Amino acid sequence: MLRLVGAGVMLTVMADTTATTLAVGVLRYTPAGAGMPLGDLVWLTSAAFIPIAALLATAGRWADLFGRRRVLAVGLVVFVLGGIATVAVDSWSFVLAARAVQGAGAAAMIPASLGLLLGELPEAQRRGAIALWSSASGLGCLLMQAGGGWLAATIGWRSLFVPDVVMGVALLVACAWLPPGGRAAAKGKPDVLGAWLLAAGIAVIVLAISKAMAWGMDVLWLALAALALLGGAFAQARHHRLPAIDLALWRRPKFVWGWLATWGFGALSYGLLTVQPLYLLHLGYPMLEVAMWLTPTSVAVVVTSFVAGRLVKRVGAYGLIYAGSLLCGGACVLVLTQVGPTLLGLIASVVVGMGVGALAPGTSVATTLAARPHQYASAVGAATMARMVGGAVGVAVVSVVIDHPFMTGPSAGLAGALALCVAISVLIGALALTKITRTRPDPDDVMVKVPRKLLLELRMTLATVAAEADALLPAETRAPDPAADPRPAAGSPAATDRVPRPRASEPGSLAGIHGHTN
């Protein structure tokens, strides 16, 4: 049940994310949203990404402190209510607000689910659990791309969010069979102000990127405001008893490296997820055929994530990250050489899925297992925050590049977005390669493996030294031999009747210092 619910949470969240990217494509090429710029339409995705990214670290902290099952259940309730509102409300502003509510619920679901999974499983099974948890996101993307095209074509774009509500209700019912999860002994009020400052800072960053071309130099004021808000959030974390950001994680170099790789993975994967349907819809393909073209990518993500979960012990987390970035970058280069959907383009989309399938478990293992056991949910929250912040920035930058291309040709904007994805792949690969070749151990890595044979040899050596030292002592001060001890064995009637008498102090050089016993 732990594995089922943990995988179900990631499946539901990723299906929701895929639904937003499909909905943006549908609105872009239908009368419902044809009059809106792409920078405004992608806020359907960003409106959920911002609260997820901002509240993940705080929600992970709360899950560690107040019980992981409890936080998971609260998150599911909020997520379901936000999904119902997304389907029911009419105004675009209300739709964005409902998406933000869903994002807040997902922010509680993600770290609580994996924190509960890791906290209840033995250490030998945790890598496999992380791989299952990560591969479930690919399955959610696959199911939504396979069935979402039919829903959008027959019912409308709002129907894309109905499966999320159904899955959320089913997971909420399943929570009754889960263990409560660990709770830390710390007491006090959580850092709500720090969480709001973090959320506002991330929102301002995404707003500045999405409006950079329209507002010009005025976005510099937004950048300064974002820095001030994020600085306030970190200042709160330094002085608050239960901070929204667990600064202890950031003192571990392993976690920082994993966080940076995860940030790049978020920008790359969600940027590609946005570009793919827009590219196919731009060529005039109907929504059903778009879904069929996208399905092989999701199949490759699921299969590769499963295989990568088994290979992570052999090649390491950063080996997977390097291979995934290489596959994604190479596939984007191959797509740039093609004109329209071709067989090579289909192969490239499968290679993209393989790259994302390798990056997902690689980044998850690199960040999560860098934390202490009592920090699992906090680490999951901070790592997924990195992915969502990268995703929000990646989607915003891609939308700006598509609307304001820096390349030439009939599909200049989409080609520029793919070139940007190639650049991000190169950065992720360089980071992973640097980490692989960096041999100096982290100072906080205290896990030292000592062979059992060495421990036994040390024990025998100590016993020999003790015996030799005992032989050098006078006979009256030697340790008594248990085999020759005439006293009754412990627990016998004679032993229980004996009353120990206090030993009188012996004269000596120390007698005058310590005094005499009474």
Side-chain angles (χ1 to χ4, degrees), residues 17 20-29 33-34 36-46 49 205-217 219 223 263-285 290 293-294 297 324-342 344-349 351-353 355-356 359 389-430:
T17 302
T20 60
T21 58
L22 293 176
V24 168
V26 172
L27 290 171
R28 171 80 167 176
Y29 295 99
M36 298 176 64
L38 183 60
D40 292 341
L41 288 176
V42 296
W43 273 93
L44 191 66
T45 302
S46 300
F49 276 12
I205 290 174
V206 176
L207 180 63
I209 294 173
S210 61
K211 296 297 183 181
M213 302 303 297
W215 293 354
M217 297 300 294
V219 298
W263 190 93
F265 168 55
L268 176 63
S269 60
Y270 289 115
L272 289 171
L273 200 62
T274 303
V275 170
Q276 281 183 308
L278 289 175
Y279 175 70
L280 294 170
L281 289 168
H282 173 75
L283 296 175
Y285 283 82
V290 169
W293 273 94
L294 296 178
T297 305
S325 62
L326 190 65
L327 291 172
C328 287
C332 290
V333 171
L334 182 59
V335 172
L336 285 172
T337 63
Q338 306 299 307
V339 179
T342 61
L344 286 178
L346 181 61
I347 294 174
S349 67
V351 175
V352 165
V356 173
L359 283 166
V389 170
V393 173
V395 170
V397 172
V398 162
S399 66
V400 171
V401 170
I402 291 176
D403 276 346
H404 303 84
F406 59 87
M407 299 179 69
T408 58
S411 302
L414 294 167
L418 286 173
L420 181 65
C421 292
V422 173
I424 297 174
S425 300
V426 171
L427 291 177
I428 298 173

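Residue indices begin at 1 and follow the sequence shown. As the structure is a computational prediction, the values presented were derived from the model and not from experiment.
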So which atom in [X] and which in [Y] form the shortest heavy-atom distance, rounded to 0.1 Å?
| X | Y | value |
| --- | --- | --- |
| Leu344 | Leu334 | O-CD2, 3.7 Å |
| Ala331 | Ala348 | CB-O, 3.3 Å |
| Cys328 | Leu359 | SG-CD1, 4.2 Å |
| Phe265 | Ile428 | N-CD1, 3.6 Å |

From [X] atom [atom1] to [Y] atom [atom2], the distance as rounded to the nearest 0.5 Å:
| X | Y | atom1 | atom2 | answer |
| --- | --- | --- | --- | --- |
| Leu346 | Thr297 | CG | OG1 | 7.5 Å |
| Ile424 | Ser269 | CD1 | OG | 9.5 Å |
| Gln276 | Leu414 | CD | CG | 11.5 Å |
| Leu273 | Thr21 | CG | OG1 | 4.0 Å |

Taking side chain as C-beta onward, heavy atoms only, is Val398 less than 4.5 Å from Ile402?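 In contact.
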Considering only heavy atoms from C-beta outward, does the side chain of Pro277 approach that of Leu294 to under 4.5 Å?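 Yes, side chains in contact.
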My understanding is that only residues two or more places apart in sequence, or in another chain, count here; which of them pass ring pair (Phe, Tyr, Trp, His ring centres under 6.0 Å) with Phe49?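 Result, ring pair (Phe, Tyr, Trp, His ring centres under 6.0 Å) vs Phe49: Tyr270.
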Side chain to side chain contact (heavy atoms under 4.5 Å, CB included) between Ser425 and Leu268, worked out: CA-CA 7 Å; Ser425 300; Leu268 176 63; 3.5 Å; yes
Step by step, work out the side chain to side chain contact (heavy atoms under 4.5 Å, CB included) result for Leu272 and Cys332. CA-CA 9 Å; Leu272 289 171; Cys332 290; 3.7 Å; yes
Taking only residues two or more places apart in sequence, or in another chain, which ones meet Thr45 in a side-chain hydrogen bond (donor to acceptor under 3.5 Å, both in side chains)?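 With neighbours one apart ignored, the set is Thr20.
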